[in-house]
Participant: 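One structure is given below, represented as structure tokens, and several questions about it will come after.
If you're wondering where the values come from, they're calculated on a predicted model, not measured in any experiment.
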Amino acid sequence: MISRIDLRGDALPEGGALRDLLPRAEFDVEAALEKVRPICEDVHHRGTAALIEYAQKFDGVTLEQVRVPAEALGTALDELDPAVRAALEESIRRARIVHREQRRTEHTTQVVPGGTVTEKWVPVERVGLYAPGGRSVYPSSVVMNVVPAQEAGVESIALASPPQKPAFEGDPAGGLPHPTILAACALLGVDEVYAAGGAVAVAMFAYGTEDCLPVNMVTGPGNIWVAAAKRYFTGRIGIDTEAGPTEIAVLADSTADPVHVAADLISQAEHDPLAAAVLVTDSAELAEAVERELRPQVAATKHVEDRIKPALAGKQSAIVLVDSLEDGLKVVDAYGAEHLEIQTADAAALAARVRNAGAIFVGPWAPVSLGDYCAGSNHVLPTGGCACHSSGLSVQSFLRGIHIVDYTRDALAEVTHHVVTLAEAEDLPAHGAALKARFGWKVPTP
């Protein structure tokens, strides 16, 4: 059901050589880019008409309008299962607690007497948020995108999610995003919502249409077409990340419970047949116990044939055997998982040493599923090893730092000779002249 990679016995290679030994899903964004390019440009030129046409082509839905009516948001919230509403409200509450603490404040540094640099933080003016709605529906992704944007102070928030096929003849929800998505938007006070999916939604946000003003930034997870569209528009808009298939890595020793480990691997495998589930352990006994435990747990759950089995059996998933936890730490750092669980005897100490992970879950009582919904952390995280250079979505994602430079005449005079010297060293004399002009074309004596 899941392969093994045995790295015991020899010294682990360094850097890229170690990364090349580890499992990873194939996710060719560059190839997808060529397919989304004409779609994006069609949206550019035909606007809403293109959105409606692609909804029919890709989603099998006939739309009369792309923007979701306000009454549909209210109806979705009114009809939401009370237990689901309570769970979403708690998820929102906890996310706000964490993300509110991330807000940066303006700070002024006096560099010299009369010379200061102030860094102020300004939120992005308008953002487009994406909530997937293909194999599964993710109201949790609405929470994870909207809350940090709101806590950052973003004034204009729009959200897109794919339109759903009617469940029956005359279904009023047909052609709208999933009602739980709409209800989550209503709970969060987001009233600008569009029935648009994939690259089409990203193009709508990037270029704007008759109904939707263009945005400055697009965030949110999605499939390869969303990732390709984000790459296509990078530079025109800001993005969070080109999210690939989800990943879980578990670093565990003989103290870990194989029932827990197997359940956690399966929990991410159920997302997608390309989802990655990786166990790194120094215990052959644990590896065998987890393999035994996977079979009955997989058989007892849902999405087995179309997602879980191909995900666990795919080249992106494996049990990796190492000689020691020290080697295991090197492996998980080289892998740079989206989600990393530490299930060892001294989990907190090991977690403190990890350098590369989107989010770290410490010990047996902090499974990834908690982070997906109600830990308070954000679940929009870097994938594909990008955790070695990128962070998950946060309030900072929606803020821009701007430096404000304020110098008096005397403070400028004191440093002019250095500026002129460096400008001339770079063969840019006009840079120095911009200062000399302020002092009668003479360099002040320090």
Side-chain angles (χ1 to χ4, degrees), residues 1-34 221 223-224 227-228 230-231 234 241-253 261 264-265 268-269 271-284 286-288 290-291 294 309-344 350-351 353-361 368 381-392:
M1 181 173 290
I2 189 169
S3 64
R4 285 198 186 191
I5 298 173
D6 196 337
L7 298 181
R8 295 173 298 179
D10 297 319
L12 292 177
E14 299 290 333
L18 178 54
R19 287 195 296 272
D20 290 344
L21 295 176
L22 303 178
R24 187 75 73 187
E26 292 183 356
F27 195 68
D28 192 348
V29 176
E30 197 62 32
L33 185 61
E34 294 308 308
N223 58 21
I224 193 168
K230 284 182 175 180
R231 179 176 295 185
T234 298
T241 184
E242 295 178 10
T246 190
E247 305 159 345
I248 180 174
V250 181
L251 177 59
D253 63 12
V261 175
D264 293 351
L265 295 175
Q268 293 305 297
H271 275 286
D272 188 282
L274 289 177
V278 177
L279 168 61
V280 181
T281 182
D282 64 345
S283 170
L286 176 70
E288 291 168 3
V290 169
E291 284 184 315
L294 283 172
K309 280 188 176 179
L312 292 176
K315 62 183 293 184
Q316 72 274 16
S317 298
I319 295 175
V320 181
L321 292 167
V322 292
D323 284 318
S324 66
L325 287 179
E326 285 297 317
D327 282 351
L329 191 59
K330 293 177 183 177
V331 168
V332 297
D333 264 338
Y335 184 72
E338 177 188 19
H339 310 95
L340 173 63
E341 290 186 356
I342 309 289
Q343 297 197 34
T344 63
L350 271 179
R353 296 174 58 197
V354 172
R355 295 182 61 86
N356 301 329
I360 303 171
F361 300 82
V368 168
L381 300 166
T383 61
C386 292
C388 69
H389 56 71
S390 298
S391 305

Participant: State the CD-CG distance between Glu291 and Leu286, to the nearest 0.5 angstrom.
Facilitator: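 CG of Leu286 is found 10.0 Å from CD of Glu291.
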Participant: Does atom CD of Glu34 have more than 12 heavy-atom neighbours from other groups under 6.0 Å away?
Facilitator: yes
Participant: Of all heavy-atom pairs between Ala25 and Leu274, which one has the smallest distance, and what is that distance?
Facilitator: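 Distance-wise, the nearest heavy atoms are CB-O, 3.6 Å.
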Participant: Ala387 and Gly336: which non-hydrogen atoms are nearest, and at how many Å?
Facilitator: CB-O, 3.6 Å
Participant: Glu338: what forms a salt bridge (Lys or Arg N to Asp or Glu O under 4.0 Å) with it, not counting sequence neighbours?
Facilitator: none
Participant: What pairs meet the side-chain hydrogen bond (donor to acceptor under 3.5 Å, both in side chains) rule with one or both residues in residues 23-33, with sequence neighbours excluded?
Facilitator: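 The answer is Arg24-Glu247, Glu26-Lys315, Glu30-Arg231.
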Participant: I'd like to know whether Val368 forms a side-chain contact (heavy atoms from CB on, under 4.5 Å) with Asp264, so could you lay out the CA-CA distance, the side-chain angles of the two residues, the decisive distance to 0.1 Å, and finally the verdict.
Facilitator: CA-CA 7 Å; Val368 168; Asp264 293 351; over 6 Å; no
Participant: Would you compute the distance between atom CE of Met1 and atom CG of Leu312 and round it to the nearest 0.5 angstrom?
Facilitator: 6.5 Å
Participant: Please report the closest heavy-atom contact between Ala249 and Ala337, naming both atoms and the distance.
Facilitator: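 Scanning both residues, the minimum pair turns out to be CB-CB, 3.7 Å.
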Participant: How many angstroms lie between atom CG of Leu381 and atom NE2 of His339, to the nearest 0.5 angstrom?
Facilitator: 5.0 Å
Participant: Which value, rounded to the nearest 0.5 Å, describes the distance between Leu350 atom CG and Leu329 atom CG?
Facilitator: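 Taking CG in Leu350 and CG in Leu329, the distance rounds to 6.0 Å.
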Participant: Please report the shortest heavy-atom distance between Pro23 and Val278, naming the atom on each side.
Facilitator: CG-CG2, 3.7 Å
Participant: Hey, does the side chain of Asp333 reach the backbone of Asn356 with a donor-acceptor pair shorter than 3.5 angstrom?
Facilitator: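 It does hold such a pair.
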Participant: When rounded to the nearest 0.5 angstrom, what distance separates CG in Leu12 from CG in Leu21?
Facilitator: 8.5 Å
Participant: Mind checking the CG-OH spacing from Leu251 to Tyr335? Nearest 0.5 Å is all I need.
Facilitator: 13.5 Å
Participant: Report yes or no: does Thr281 contribute a side-chain atom to a donor-acceptor pair with the main-chain N or O of Ala252 at less than 3.5 Å?
Facilitator: yes
Participant: Between Gln316 (side chain only) and Pro273 (backbone N and O only), is there a donor and an acceptor less than 3.5 Å apart?
Facilitator: yes
Participant: Sorted by first residue and then second, give each side-chain hydrogen bond (donor to acceptor under 3.5 Å, both in side chains) pair with at least one member in residues 317-330; sequence neighbours left out.
Facilitator: Glu326-Arg353
Participant: How about Leu18 and Pro13: do any of their side-chain heavy atoms sit closer than 4.5 Å?
Facilitator: yes
Participant: For Ile224 and Ala32, work out which heavy atoms get closest and say how close.
Facilitator: CG1-CB, 3.9 Å
